[in-house]
A.B. asks: 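Below you'll find the structure I mean.
This is a predicted model, so every value here is computed, not measured.
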Amino acid sequence: MYEDLFQVKSNRLTPLAGRVIIASPLLIDYHFNHSVVMMIKNDEKGNLGIVLNKEFKVNMSLNELVHELDDMPKIPLYKGGPVNRYNLSFIHDIKEIDESIPLRSGLFINGNFDQMIKYIKDGKPIEGRVRFYLGFACWEKGQLQKEIDEDSWIISDPYKDIIMEKGIDGMWKSCLEVMGEPYRTWAKFPSTPSMN
């Protein structure tokens, strides 16, 4: 009766740009353990995404990179993935930023960076509206689909309130819980099972 509840299986949706992929509780990987990844590209060449819920070991801020923000409160930088750590991306819900690329659920990626800096300098609210990331995650052609077939990822449309308005620490668990059963049960799986 409850056998399916404890068998972690991918829901096998397509990881389209704008969807999130959520690491299976059984995916034990330094970069992707309990991760939530916003998909940015899904085409015949491969897949690209931004890990939404990982921090650097040493706290970093956008202010360290953009000296125009020296006199502003610290704006955290998050670890967007293991590839190209010099690549800065930002996910936001600010429609006024020109050249922003629409994702889903009212979210955008990137856009006119100078406008974003002006938006911040003007004292407009950024809490719950924009997050900045260094690096990204990428998969070669067929690689991500293979991982999905191996039940390493669960695919979902993004929930903006979870991704933008809550802290990143509980994002993985919240993304699974909001999907109902059996995902709610899987969300209780500890990130380090040996520590349970």
A.B. asks: V51 and A137: which non-hydrogen atoms are nearest, and at how many Å?
C.D. replies: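 Distance-wise, the nearest heavy atoms are CG2-CB, 4.4 Å.
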A.B. asks: Can you measure from SG (C138) to CD1 (I40) and round to the nearest 0.5 angstrom?
C.D. replies: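 If we round to the nearest 0.5 Å, C138:SG and I40:CD1 are 12.5 Å apart.
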A.B. asks: Could you check whether K118 pairs with D114 (Lys NZ or Arg NE/NH1/NH2 to Asp/Glu carboxylate O, under 4.0 Å)?
C.D. replies: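 No.
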A.B. asks: Show me the donor-acceptor pairs within less than 3.5 Å that the side chains of residues 64-80 make with the rest of the protein, sequence neighbours left out.
C.D. replies:
{"residue": "E64", "atom": "OE2", "partner": "S61", "partner atom": "N", "Å": "2.9"}
{"residue": "E64", "atom": "OE2", "partner": "S61", "partner atom": "OG", "Å": "3.4"}

A.B. asks: Would you confirm whether E177, through its side chain, and A187, through its main-chain N or O, come within 3.5 Å as a donor-acceptor pair?
C.D. replies: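 Not confirmed, E177 side chain does not pair with A187 backbone.
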A.B. asks: Flag yes if Y183 and V37 sit in one hydrophobic cluster, no otherwise; membership is Ile, Leu, Val, Met, Phe, Trp, Tyr, and two members link when side-chain heavy atoms are under 4.5 Å apart.
C.D. replies: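 The answer is no; the residues belong to distinct hydrophobic clusters.
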A.B. asks: Quick one: does any side-chain atom of W172 pair with a main-chain N or O of A23 as donor and acceptor, under 3.5 Å?
C.D. replies: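 Flag set: sc W172 to bb A23 pair under 3.5 Å.
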A.B. asks: Quick check on side chain to side chain contact (heavy atoms under 4.5 Å, CB included): which of L27, I21, V8 does S152 satisfy it with?
C.D. replies: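 Among L27, I21, V8, the one that satisfies the side chain to side chain contact (heavy atoms under 4.5 Å, CB included) with S152 is L27.
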A.B. asks: How far apart are the closest heavy atoms of G135 and I50, and which atoms are they?
C.D. replies: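 Answer, listing the atom of G135 first, then I50: O-CD1, 3.9 Å.
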A.B. asks: Can you tell me if D149 and Q145 form a side-chain donor-acceptor pair at under 3.5 Å?
C.D. replies: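 D149 vs Q145: donor-acceptor pair found between side chains.
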A.B. asks: What heavy-atom pair brings N42 and P15 nearest, and what distance separates the two atoms?
C.D. replies: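 What the structure gives for the nearest pair is CB-O, 3.4 Å.
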A.B. asks: How about NZ on K146, more than 12 heavy atoms from neighbouring residues, nucleotides or ligands closer than 6.0 Å, or not?
C.D. replies: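 Counting neighbours around NZ of K146, 12 or fewer heavy atoms of other residues, nucleotides or ligands fall under 6.0 Å, so no.
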A.B. asks: Measuring from I91:CD1 to R129:CZ, what's the distance to the nearest 0.5 Å?
C.D. replies: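 With rounding to 0.5 Å, CD1 (I91) is 15.0 Å from CZ (R129).
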A.B. asks: If we ignore hydrogens and angles and just use 3.5 Å, is the side chain of S35 paired with the main-chain N or O of F32 as donor and acceptor?
C.D. replies: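 Here the side-chain-to-backbone pair exists.
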A.B. asks: Would W186 and F189 count as a close aromatic pair, with their ring centres under 6.0 Å?
C.D. replies: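 Aromatic pair excluded; centres sit 6.0 Å or further apart.
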A.B. asks: Is it true that a side-chain atom of N53 and a backbone atom of V36 form a donor plus acceptor pair closer than 3.5 Å?
C.D. replies: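 Answer holds: yes.
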A.B. asks: Could you check D151, I148, I154 and say which one makes a side chain to side chain contact (heavy atoms under 4.5 Å, CB included) with N11?
C.D. replies: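 Among the candidates, only I154 passes.
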A.B. asks: For the side chain of Q115 and the backbone of Y119, is there at least one donor-acceptor N/O pair under 3.5 Å apart?
C.D. replies: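 Judged by distance alone, no pair lies under 3.5 Å.
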A.B. asks: With clusters defined by side-chain heavy atoms of hydrophobic residues (ILVMFWY) lying less than 4.5 Å apart, directly or transitively, does I168 cluster with I109?
C.D. replies: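 As far as the 4.5 Å side-chain criterion goes, I168 and I109 are connected within one cluster.
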A.B. asks: Test of understanding: clusters of I, L, V, M, F, W, Y form through side-chain heavy atoms closer than 4.5 Å, transitively. Do I126 and M60 belong to the same one?
C.D. replies: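 Yes, I126 and M60 fall within the same hydrophobic cluster.
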A.B. asks: Should M38 and V178 be regarded as members of a common hydrophobic cluster, given that ILVMFWY residues are connected when their side-chain heavy atoms come within less than 4.5 Å of each other, either directly or indirectly?
C.D. replies: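 Yes, because M38 and V178 connect within a single hydrophobic cluster, where side-chain heavy atoms sit under 4.5 Å apart.
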A.B. asks: Between H92 and N110, is there a donor-acceptor pair closer than 3.5 Å when you use the side chain of the first and the backbone of the second?
C.D. replies: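 At least one qualifying donor-acceptor pair exists.
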A.B. asks: Between M164 and V130, what is the shortest heavy-atom contact and its length?
C.D. replies: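 Taking every non-hydrogen atom into account, CE-N, 3.4 Å.
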A.B. asks: What distance do F136 atom CZ and K41 atom NZ have between them, rounded to the nearest 0.5 Å?
C.D. replies: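 Separation between the atoms: 9.0 Å.
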A.B. asks: When you check the gap from the basic side-chain N to the acidic O, do R131 and D93 get nearer than 4.0 Å?
C.D. replies: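 Salt bridge flag = no for D93 with R131.
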A.B. asks: Will you find, in the side chains of R85 and Y133, an N or O donor that is under 3.5 Å from an N or O acceptor?
C.D. replies: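 No, no side-chain donor-acceptor contact under 3.5 Å.
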A.B. asks: Would you call the rings of F113 and F90 parallel, tilted or perpendicular if under 30° counts as parallel and over 60° as perpendicular?
C.D. replies: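 Rings of F113 and F90: tilted, 30 to 60°.
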A.B. asks: At what distance, to the nearest 0.5 angstrom, does CZ of R184 lie from NZ of K173?
C.D. replies: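 Between R184 CZ and K173 NZ, I get 11.5 Å after rounding to 0.5 Å.
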A.B. asks: Give a yes or no on whether a salt bridge exists between K166 and D161, defined as a side-chain N under 4.0 angstrom from a carboxylate O.
C.D. replies: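 No.
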A.B. asks: Could you check whether any side-chain N or O of D122 sits under 3.5 Å from a backbone N or O of K124, counting only pairs where one atom can act as donor and the other as acceptor?
C.D. replies: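 No; judged by distance alone, with no hydrogens or angles, the pair does not exist.
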A.B. asks: Has S100 got a side-chain atom pairing as donor or acceptor with F108's backbone, closer than 3.5 angstrom?
C.D. replies: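 Between the backbone of F108 and the side chain of S100 there is no qualifying donor-acceptor contact (under 3.5 Å).
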A.B. asks: Specify the closest pair of heavy atoms between P158 and L107, including all atoms of both residues, with the distance to one decimal.
C.D. replies: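 That would be CB-CD1, 4.5 Å.
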A.B. asks: To the nearest 0.5 Å, what is the distance between CD1 (I155) and CG (L13)?
C.D. replies: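 Here the interatomic distance stands at 5.5 Å.
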A.B. asks: Mark yes or no for whether S24, through its side chain, and L26, through its backbone, hold a donor-acceptor pair below 3.5 Å.
C.D. replies: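 Checking the backbone N and O of L26 against the side chain of S24, a donor-acceptor pair under 3.5 Å is found.
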A.B. asks: Assigning hydrophobic clusters by single linkage (Ile, Leu, Val, Met, Phe, Trp, Tyr; side-chain heavy-atom cutoff under 4.5 Å), is L52 placed with I94?
C.D. replies: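 No, L52 and I94 fall in different hydrophobic clusters.
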A.B. asks: Closest heavy-atom contact between M171 and I163?
C.D. replies: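 Scanning both residues, the minimum pair turns out to be CE-O, 3.6 Å.
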A.B. asks: If you round to the nearest 0.5 Å, how far is CG of D169 from NE2 of H34?
C.D. replies: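 Taking NE2 in H34 and CG in D169, the distance rounds to 13.0 Å.
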A.B. asks: How about N87 and S89: does a side-chain donor come under 3.5 Å of a side-chain acceptor?
C.D. replies: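 Yes - a donor-acceptor pair under 3.5 Å links their side chains.
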A.B. asks: Passes side-chain contact (heavy atoms from CB on, under 4.5 Å), M39 versus L16? Steps please.
C.D. replies: CA-CA 7 Å; M39 298 309 299; L16 300 172; over 6 Å; no
A.B. asks: Just wondering, do M116 and F132 contact through their side chains at under 4.5 Å, heavy atoms?
C.D. replies: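 Result yes, sub-4.5 Å side-chain heavy-atom pair found.
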A.B. asks: Main chain of T14, side chain of R19: is a donor-acceptor contact present, judged purely on distance under 3.5 Å?
C.D. replies: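 Here the side-chain-to-backbone pair exists.
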